[in-house]
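Encoded as structure tokens, the structure appears first; notes follow it.
All values derive from a computational prediction rather than experimental measurement.
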Amino acid sequence: MEYIVIVIKKKLNSLSKVLIQNFWAVGFLVIVSLILIFVAKQDTLAKLLWQKYRLPKTALLLVNRDTDLAMFIGNYYFNGVIGGGKYDLNIAEKAYKKAVLINPKILWGHYQLARIYFVKGDYKQALEEIAKELEANPENLRSLYVRGLIYGYRNQAGDLEKAEADFLRFTLWAPKEWAGYNDLAWILSKQGKYKEAKEAINAAFREIKESENNPWLWNALGVAELNLKEYKNAAISFEKAKQLAEKLTNEDWFHSYPGNNPVSAEEGLSAFIAAIEKNLRRASQ
């Protein structure tokens, strides 16, 4: 009888070991399966958290492959104010970073990051990001306009010449967009190339029919004429710019500077009109 008890105990011990081993094996398989399910459903959960609860930070933590969602959140917090979005550069930056992490060559990813760093005044980082955009998407020559702005504001040795080259190439690529001509004239005037600046604005007037109603172009023309000592023409240009600028709304201003905080639109517009009036007084003396 004692022998039988010992055998039974051994059998039970062996069975326990097998059950324990199987338990851990099954448990491991269950955990792995749950992880795989979670990973597979991460993007779905992220989209739910964004669409239903508007939780951008949590959604971005969960985004795994959905670059469209990451870019959408970025645009919502950077460019989407007029369309019902909000303005938050930090959330937008996180969103675009997630998009380029998933797909380093995604169109507009590095471009938008460059714009954010430009607005923040981090010109070094902005130049690095716009270089990545041009490398990943060389057909996106809108990057030239952004790089021209970065060079124009950074204003280190050689930057004005680089900005001029970028804006010139941009106007050739997008001849119907007034901003390229306006900023080309701005850079030319900063270099003392007033005749060339005047020619750039006149090119805009020739190429773009509605440009005659653009206060920025008229002001840029006036600046060039003022520095060329064409005071009568400058006064006419500034007067035209003033009349048009006074018709602008805060929304018009934000449309022209979509990367800036909309809260600053009223202040920016007021400063623009004040600058035109100052130029007009100088031209009328």
Side-chain angles (χ1 to χ4, degrees), residues 79-83 87 115 118-119 142 144-146 148-149 152-153 155 160 163-164 166-168 170-285:
N79 291 332
V81 176
I82 293 177
Y87 189 84
R115 292 181 63 217
F118 170 69
V119 172
R142 195 162 297 283
L144 296 176
Y145 179 78
V146 171
L149 288 175
Y153 278 91
N155 201 15
L160 294 182
E164 178 185 346
D166 280 342
F167 286 134
L168 182 58
F170 180 76
T171 59
L172 295 174
W173 182 71
K176 301 300 180 182
E177 297 190 24
W178 67 269
Y181 298 99
N182 184 70
D183 288 306
L184 174 59
W186 164 58
I187 290 297
L188 289 168
S189 289
K190 287 187 73 169
Q191 296 178 86
K193 300 179 179 180
Y194 305 117
K195 182 179 179 181
E196 292 89 339
K198 181 178 179 179
E199 291 172 352
I201 298 301
N202 284 330
F205 287 145
R206 289 194 303 270
E207 291 288 340
I208 309 168
K209 183 178 180 181
E210 62 273 18
S211 61
E212 292 185 359
N213 296 317
N214 188 300
W216 288 274
L217 292 177
W218 282 107
N219 182 62
L221 178 60
V223 169
E225 292 169 334
L226 181 63
N227 285 287
L228 289 169
K229 299 182 179 180
E230 299 174 2
Y231 300 113
K232 184 177 180 180
N233 289 338
I236 294 172
S237 295
F238 289 134
E239 183 61 42
K240 184 71 173 178
K242 182 174 181 292
Q243 292 174 4
L244 292 169
E246 288 174 341
K247 296 178 182 179
L248 293 175
T249 64
N250 290 341
E251 187 172 315
D252 293 329
W253 184 265
F254 184 67
H255 270 296
S256 298
Y257 300 95
N260 293 347
N261 193 326
V263 173
S264 66
E266 183 175 354
E267 181 182 349
L269 178 54
S270 297
F272 180 50
I273 294 173
I276 295 172
E277 290 173 340
K278 182 179 179 180
N279 287 334
L280 180 57
R281 289 193 296 271
R282 289 177 60 197
S284 301
Q285 289 177 353

Restricting to pairs with a member in [range], which pass salt bridge (charged side-chain N to carboxylate O under 4.0 Å, His left out), not counting sequence neighbours?
{"range": "residues 199-216", "result": "Lys176-Glu207"}
{"range": "residues 224-236", "result": "Lys198-Glu230"}
{"range": "residues 177-194", "result": "Arg142-Glu177, Glu164-Lys193"}

- prompt: Got a donor-acceptor contact below 3.5 angstrom from the Tyr181 side chain to the Pro175 backbone?
  reply: yes

Contacts of type ring pair (Phe, Tyr, Trp, His ring centres under 6.0 Å), residue [X], not counting sequence neighbours:
{"X": "Trp178", "answer": "Trp216"}
{"X": "Tyr194", "answer": "none"}
{"X": "Tyr231", "answer": "none"}

To the nearest 0.5 Å, what is the distance between [atom1] ([X]) and [atom2] ([Y])?
{"X": "Leu144", "Y": "Phe170", "atom1": "CG", "atom2": "CZ", "answer": "8.0 Å"}
{"X": "Leu160", "Y": "Ser189", "atom1": "CG", "atom2": "OG", "answer": "11.0 Å"}
{"X": "Tyr145", "Y": "Thr171", "atom1": "OH", "atom2": "OG1", "answer": "12.0 Å"}
{"X": "Leu221", "Y": "Ile236", "atom1": "CG", "atom2": "CD1", "answer": "10.0 Å"}
{"X": "Trp253", "Y": "Asn250", "atom1": "CH2", "atom2": "CG", "answer": "10.0 Å"}

- prompt: With sequence neighbours excluded, what pairs up with Glu246 under the side chain to side chain donor-acceptor pair (under 3.5 Å) test?
  reply: Lys242

How far apart are the closest heavy atoms of [X] and [Y], and which atoms are they?
{"X": "Gly148", "Y": "Asp166", "result": "N-OD2, 3.8 Å"}
{"X": "Leu188", "Y": "Ala200", "result": "CD1-CB, 4.3 Å"}
{"X": "Lys247", "Y": "Asp252", "result": "O-OD2, 4.2 Å"}

query: Tell me, which pairs form a side chain to side chain donor-acceptor pair (under 3.5 Å) where one or both residues lie in residues 262-276, sequence neighbours left out?
result: none

Could you list the residues that satisfy side chain to side chain contact (heavy atoms under 4.5 Å, CB included) with [X], not counting sequence neighbours?
{"X": "Ala163", "value": "Tyr151, Phe167, Ile187"}
{"X": "Val119", "value": "Tyr87, Leu89, Asn260"}
{"X": "Ala220", "value": "Asn182, Ala185, Ile201"}

Report all side-chain donor-acceptor pairs from residues 271-285 shorter than 3.5 Å, counting only partners two or more places apart or in another chain.
residue, atom, partner, partner atom, Å
Asn279, ND2, Asn219, OD1, 3.3
Asn279, ND2, Ala275, O, 3.3
Ser284, OG, Leu280, O, 2.8

